[in-house]
Amino acid sequence: MDFNLTVEQQMLQDSARRYGAEHHVFTAWRARIARGEAFERKSWANMAELGWLALNVPEDLGGLDATPVETMVICEALGRHLMLEPFVSSCVIAPQLLREAGPRASELLAAIGAGEAMVSVADAEPDGRFNLNHVATRAEATPGGFRLDGVKSHVLDGGVADGFVIPARTSGAVGDADGVSLFLASADTPGLVVEPSRAMDNRVNARLRLEGVTLGQDALLGEIGQGSARLAQAIDAGVVARLAEALGAMEAAYDMTLSYLRTRSQFGQPIGAFQALQHRIVDMAIACEEARSMTYLATLSLSGAEPARSRTIAAAKARVSQTSLFVGRQAIQLHGGVGFTEELAIGHYLKRLIMIDMAFGNADHHRTRLAELSRQAA
Amino acid sequence: MDFNLTVEQQMLQDSARRYGAEHHVFTAWRARIARGEAFERKSWANMAELGWLALNVPEDLGGLDATPVETMVICEALGRHLMLEPFVSSCVIAPQLLREAGPRASELLAAIGAGEAMVSVADAEPDGRFNLNHVATRAEATPGGFRLDGVKSHVLDGGVADGFVIPARTSGAVGDADGVSLFLASADTPGLVVEPSRAMDNRVNARLRLEGVTLGQDALLGEIGQGSARLAQAIDAGVVARLAEALGAMEAAYDMTLSYLRTRSQFGQPIGAFQALQHRIVDMAIACEEARSMTYLATLSLSGAEPARSRTIAAAKARVSQTSLFVGRQAIQLHGGVGFTEELAIGHYLKRLIMIDMAFGNADHHRTRLAELSRQAA
Amino acid sequence: MLKPAAIFDPLDIMNLDLTPEQQAFRDEVRAFFVENTPQSFKARVRAGMRLEPAEFVTWQKLLHARGWGAPSWPKMYGGTGWDPTQLYIFETEASKADAPVQFHQGLELIGPIIFTFGSEAQKAKYLPAIITGDDWWCQGYSEPGAGSDLASLSTRAVRDGDHYVISGQKAWTSYAHVANRMFLLARTDPDARKQAGISLFLVDMDTPGITVRPVVTMDEIHHTNEVFLDAVRLPVTALLGEEGKGWGYGKVLLDRERGVTAATTTRLAQQLRGARAAAATARVGEGCLLDDPRIADRLAQLELEVMALEGMVMRTMAEAASGQDSGPRASMIKVRWSELLQEVTEFWTELQGYDAMHFGAVNNAPLPGPDPWAAKGMLYSRVTSIYGGSNEIQRNIIARRALGL
Amino acid sequence: MLKPAAIFDPLDIMNLDLTPEQQAFRDEVRAFFVENTPQSFKARVRAGMRLEPAEFVTWQKLLHARGWGAPSWPKMYGGTGWDPTQLYIFETEASKADAPVQFHQGLELIGPIIFTFGSEAQKAKYLPAIITGDDWWCQGYSEPGAGSDLASLSTRAVRDGDHYVISGQKAWTSYAHVANRMFLLARTDPDARKQAGISLFLVDMDTPGITVRPVVTMDEIHHTNEVFLDAVRLPVTALLGEEGKGWGYGKVLLDRERGVTAATTTRLAQQLRGARAAAATARVGEGCLLDDPRIADRLAQLELEVMALEGMVMRTMAEAASGQDSGPRASMIKVRWSELLQEVTEFWTELQGYDAMHFGAVNNAPLPGPDPWAAKGMLYSRVTSIYGGSNEIQRNIIARRALGL
């Protein structure tokens, strides 16, 4: 029952926060966005040097094989400083899918840890909403390997990825858990069309069209037809990492708002003297406490057993979404007009939080997931 | 688009409010409750004399054949002064079921208008929740008429009624709209067991057990097997009347709370000077405005065509429930400890509002009804 | 009186028992909106977004050509002279056709002040161009240090012979970048108490000394600006009404506020329709999102809250028609409208799921998926609980004026 | 440290990676609660209701017999001396077995003040009887004019030789009608500033001059009272600590508050279980209410909010164990707990449908349908956002102390 960080974890936290504060000054961030750069390659290289990118890479591939807590600490800083590096895609989700999945995967995993590759998972399809088993993309066996056809409607960080993990159906019907296989494809594979777009949080995602994408045998990750469970586990790890990101972003928005209430004057006194605003920010403070508690629980649960693991993650995703959207919206409201401009970070935090809510299933989706799990447990 | 009362309606409103204020002083009300009397027979006779009980009785039976607006005006006063007379059961719902339903029904209708009979409808059955077509009670044809067997789980004002309108199935399966017939039975019919209980608002309801209740041919109201639509229409009229009751109760609770905020002092000033409490009571005022608007719309819609009629009533029931429970709960919260005692009316208003929410389907039930109707309309 | 014979559906609001004249009027405006609303406006209007300025002008000119350029103005100033019922019919029919609300700063904010307090010369010069759409007015009220607390404004106007010289800074000046006119408040007497000593001026935007700095908002659209006034020299004829009385002129707008809120509020039906359509078209597996009873219930919840608000608007219009005071209901409607606009557009965005994440083009490539209007409308909606007196200020006003707290 | 190896389920809170000693302790208390919780308590406890006073005494005596009469007290005063982890295990196991929370006014309110500030004679006289359940204490703090604003209390204590003479009136004195002891605050120096000049007295309820008037609350249960003090004559030994310092003694309770809130908060799992069971047993047509995805989702929403609160409690206990300050989290937990208790019991009542309308007997006939515990618990829950400092006062405290506003 001890929820405190170890000394090493605390050092990592300090270093991540310092990095964010120094390298991600808001004015510089806005200038980068204006130039159409979600993040600087230089920063990615820095992060590689700091060892962050290798946190989830096995030791024998040069990685640190760290616990979910280290990932949480990094992601909190990413959220707090609006960093747009594809850390969760490449360094949290992808490594889960590439571990013990053959020599090509290991090579790529080492490259991820070294900052030399960025990999996204193409988990969403049209008409599938947030159902991971809704895989209509087909992978047909060919003499030399596989041929993939289909559409992936949304790939997080897909616009900056060098490679993709692509779930495709080798058997069964759309919606089945069985029959989903995972394939590795580099972004420049012929027939793979990457259609990037910018999200409201300035992350560059993509849609993929697979038009006769031909892959070799070595592109298959793990057992054929058995990719579903592994995909779900990897996405859960990504969900938890993004909760930490949301926590960092909402606490930053809360901190900015509290200091605004203390310093901004209207009607001859700081607006923080008005009781209605005091009670509002108290509710925001409570929301942050709830989100931090849920993020801790979800992080711990990642290493735990089912069904507690899934129930905690589902509950955490829903509650962090709900509380963080409340904080993000009220942060703007309490700032008034300036909170609505692009010139203050406050609106960018809300947009980030909206995108985190939507990623891998929104609050409602995960609440329903919890409802199902609770019925099964009862 | 003129939402104002006529001069006659305004006079009726003044008279009803004055009656409530004079005859239903809170201390006298509490004393009656302590004696186990939901209401005084004398008051019922008064109301008959004032003509209120005959509002929905046809003119040829000595009634006034008034519009739903007159009923609204009376019910608002009933709610405002916590009156427990079985007006909605006997004088709103029952008349809808007894009109043009044979000589025995007409006789009873005239008696209702004269204050000589009280009639409740037994609309609810075990496992039926709020579904009016969930009728498992069977009516078997006998040489002289019908024999009824079944259970009615909840009858509004059933503990004080002299007679009941009892839906029973003459054909079809439980849940079917077709095959429900309506029967009239006096409370002292052999085999009819009335089990009264007191609700939290001190209304005396009942459960009925029908154990071989033998009724004559003249007990059948209207066409055999065709009672469902008529029942639904009558219940809708009852729903709208109870919305007016809720409106009266919530506005009374609001008024008491506003005056408490003005007069109660803490920390050296009236508590109404605290901005957080000001904003709370403003939200209560908005809730009252919403409820009044919805009650007007629902009252007007009663005379209108489908599907607008049903949609408006469903929406109104849901919204008045939601807003009135908010007002009732916050009225207690803003009163603090004294609001929680039996010695102030404020807690009784909340209990009344909780019971109105539950009557004939709670807010969620009617929201789902609206959702269905909206889908059909789209 | 309350008419029990009325056939009423709050979401098809025109089924009231109208007089034959009103029915004919309804048919006339309905036909106009159906025939004339540009197709290209509809998706954005439905999402609660504002149109581009040029589109607003097009729309104003269309209405003007039909004789309906100023629906709420008296006939003698070029308006239609309609009564509240007609206005209400006009707005609800516009809503049903996905037609936009007219841009309001000329028509509803300064126009009525000019025709009530302005000189004959000012009326002649300014009123017609508002109706034709040839003039675009912006409002110079807010300042960096005086947002909600307008009475503490510090822009100064100093009399200099036949001129006033104005210096200061205005904030949140919507569409200053397209406007050719501005009405602004400035302090003419620095020694007077807060609200006194403030005067109202009518300014041409090309007067030397005016600089407009764009402020981009979180919906990535350029609506608003800062305006810097550096010794802007105006003739004394630019003063509206009397010196030092500018603060009071705004009060004429309070009575008109009911109509403006009604116009905007009836548009919530548009956003609801958009969200419902999104739920009906979003395929999930074999069905659509609307098949999910949870989704249908959430839509119904929003729908019934919109109905309650519609009912409040209808009562307000009825009271206006019979000359009754509606108390603080206009403030209440503003609060509820903005809250509901936010909730409906948030839910609509949720319904779009991953489509809502495709927000902007990269390297001018076409967007994968539909245009992100719902998401943009959702972001824009955040400002509606802030502008025109934030919802917190509205609650203060209601508590003080209406409840006596 | 954060232990990634922990296997954790917030609703089965004991699956933390406990030490073998802690596991043994858990098994021991689990067995005790399973074996000893009276069956007749469970339905009411699950609904969040308080037991009858005699039942509370029975429960206290049961715990005392097991040596666990004062789980949160140091050993030297007859307590168990448990650490925060043990206390937390004890309370969550109690929750799972539908065992009640111990009555707190002796154990948690005055007991710790007595063993911290009382004289040896007072400790010897009062502490053992709290643990055995032989004494029942009530709290005389609130007054008619001083509910939330305790510092303005007006009950006077006048020194008269070896006695104090106390006159005044106390409000909201829970269980004064069953208590044999009372601790009360009275003003000993009328000239001192508000919080100064207040002293704390320990009073026998049979002292002449004390009158108790019952106050029935809206759940129709007699919990609380007014207490009139008419020249009540107490020996000076009734004074606890120093004259004029009574106000300050309450501060010792702030540090202990975390444990009390944890004990209460873990009980929300009971109410959730009750609501879920109601949804599973309520037949509707061919199925049950829980088959409705809308119902299942609403339950899940309450469940996940309870989980978040549990997480806050766990962090607080962890900080207590390592001697860290939890800031205002105890106030936050009180706010959220009371809100959730209200929501869960409201929903549970809704799930019961018409059964919840059968509230009281008429002419002593048996009730048709189940006992109305959920509805009574729901009504009782209204006071939890008022007592112990209303939720509004809690928010003031958080804003002032923790946020510096």
Side-chain angles (χ1 to χ4, degrees), chain B residues 1-9 67-69 72 258 261-262 270 272-273 275 277-279 281-283 285-286 289-297 299-305 307-309 311-312 314-316 318-320 322-323 364 366-375 377-378, chain C residues 1-12 15-16 18 22 84-85 88-89 276-277 280 290 293 295-301 303-305 307-315 317-319 321-322 324 327-329 331-333 335-336 392 394-400 402-405:
Chain B
M1 239 170 32
D2 189 341
F3 282 72
N4 304 311
L5 300 177
T6 62
V7 174
E8 292 76 18
Q9 287 165 345
T67 75
V69 177
M72 179 186 86
L258 179 57
L261 288 191
R262 286 186 179 133
Q275 194 191 31
L277 305 195
Q278 288 179 359
H279 284 204
I281 194 131
V282 165
D283 286 334
I286 295 174
E289 284 285 340
E290 286 195 57
R292 181 164 286 279
S293 304
M294 281 311 252
T295 302
Y296 283 6
L297 295 184
T299 301
L300 293 178
S301 79
L302 269 180
S303 318
R309 180 181 171 285
R311 294 184 66 211
T312 309
R319 192 59 184 161
V320 174
Q322 292 167 350
T323 51
D364 277 13
H366 283 274
R367 181 174 58 197
T368 296
R369 182 184 168 198
L370 174 66
E372 271 309 306
L373 291 163
S374 294
R375 282 184 69 162
Chain C
M1 85 223 100
L2 271 169
K3 290 186 183 162
I7 299 162
F8 180 78
D9 181 350
L11 284 192
D12 184 9
N15 285 337
L16 287 161
L18 302 173
Q22 288 169 336
T85 305
Y88 190 64
I89 290 171
R276 179 171 289 279
L290 197 53
I295 300 287
D297 259 30
R298 276 187 71 186
L299 267 174
Q301 178 65 35
E303 192 177 342
L304 66 90
E305 291 186 42
M307 281 193 202
L309 186 62
E310 286 279 4
M312 286 169 70
V313 172
M314 291 176 74
R315 285 174 59 210
M317 299 305 287
E319 285 162 0
S322 64
Q324 292 175 67
R329 206 180 302 117
S331 282
M332 292 179 177
I333 289 171
V335 167
R336 288 296 293 146
E392 289 78 15
Q394 301 291 346
R395 286 186 167 91
N396 287 347
I397 290 171
I398 299 167
R400 192 170 59 242
L403 314 184
L405 294 177

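Proteins get letters first, then strands, A, B, ... in listed order; numbering begins at 1 in each. Values below: all heavy atoms of this structure, side chains included; hydrogens, waters and symmetry mates excluded.
In this structure, CG on C:Leu405 lies 9.5 Å from CG on B:Leu277, to the nearest 0.5 angstrom. The structure places CD1 of B:Ile286 at 11.5 Å from CZ of C:Arg329, a figure rounded to the nearest 0.5 Å. Annotation: the span from C:Leu299 atom CG to B:Leu370 atom CG amounts to 10.0 Å, rounded to 0.5 Å. One distance of note links CD of C:Glu310 with OG of B:Ser293; it measures 10.5 Å at 0.5 Å rounding. To the nearest 0.5 Å, the span separating CZ on B:Arg319 from CD on C:Glu305 amounts to 4.0 Å. Between the CZ atom of C:Arg395 and the CD atom of B:Gln278 there is a distance of 12.5 Å, given to the nearest 0.5 Å.
With a 4.5 Å cut-off on non-hydrogen atoms, C:Glu392 touches chain B through its backbone and its side chain both. Interface remark: B:Arg369 contributes no atoms to any contact with chain C (heavy atom separation under 4.5 Å). With a threshold of 4.5 angstrom between heavy atoms, B:Ala314 does not approach chain C through any atom at all. Both the backbone and the side chain of C:Leu403 come within contact range of chain B, with heavy atoms under 4.5 Å apart.
Comparing B:Ser374, B:Gly272, B:Pro270, B:Ala291 by heavy-atom pairs within less than 4.5 Å of chain C, the highest count is held by B:Ser374. Of the residues considered (B:Ala318, B:Ala315, B:Ala273), B:Ala315 shows the highest number of contacts with chain C, using heavy-atom pairs under 4.5 Å.
Listed by chain and residue number, nothing satisfies the salt bridge (charged side-chain N to carboxylate O under 4.0 Å, His left out) test with B:Glu372 (two or more places apart in sequence, or in another chain). By the salt bridge (charged side-chain N to carboxylate O under 4.0 Å, His left out) test, C:Arg276 is found to be paired with C:Glu303, residues two or more places apart in sequence or in another chain being considered.
With hydrogens and angles left out, the side-chain atoms of B:Gln322 and C:Gln301 include a donor and acceptor closer than 3.5 Å.
Using modelled atom types, no side-chain atom of B:Arg367 and backbone atom of C:Leu304 make a donor-acceptor pair closer than 3.5 Å.
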Evaluate the criterion salt bridge (Lys or Arg N to Asp or Glu O under 4.0 Å) for residue pair C:Arg336 and B:Glu289; output intermediate values, then yes/no. CA-CA 11 Å; C:Arg336 288 296 293 146; B:Glu289 284 285 340; over 6 Å; no
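Of all the heavy atoms in C:Leu290 and B:Arg375, the pair that sits closest is O-NH1, 3.2 Å.
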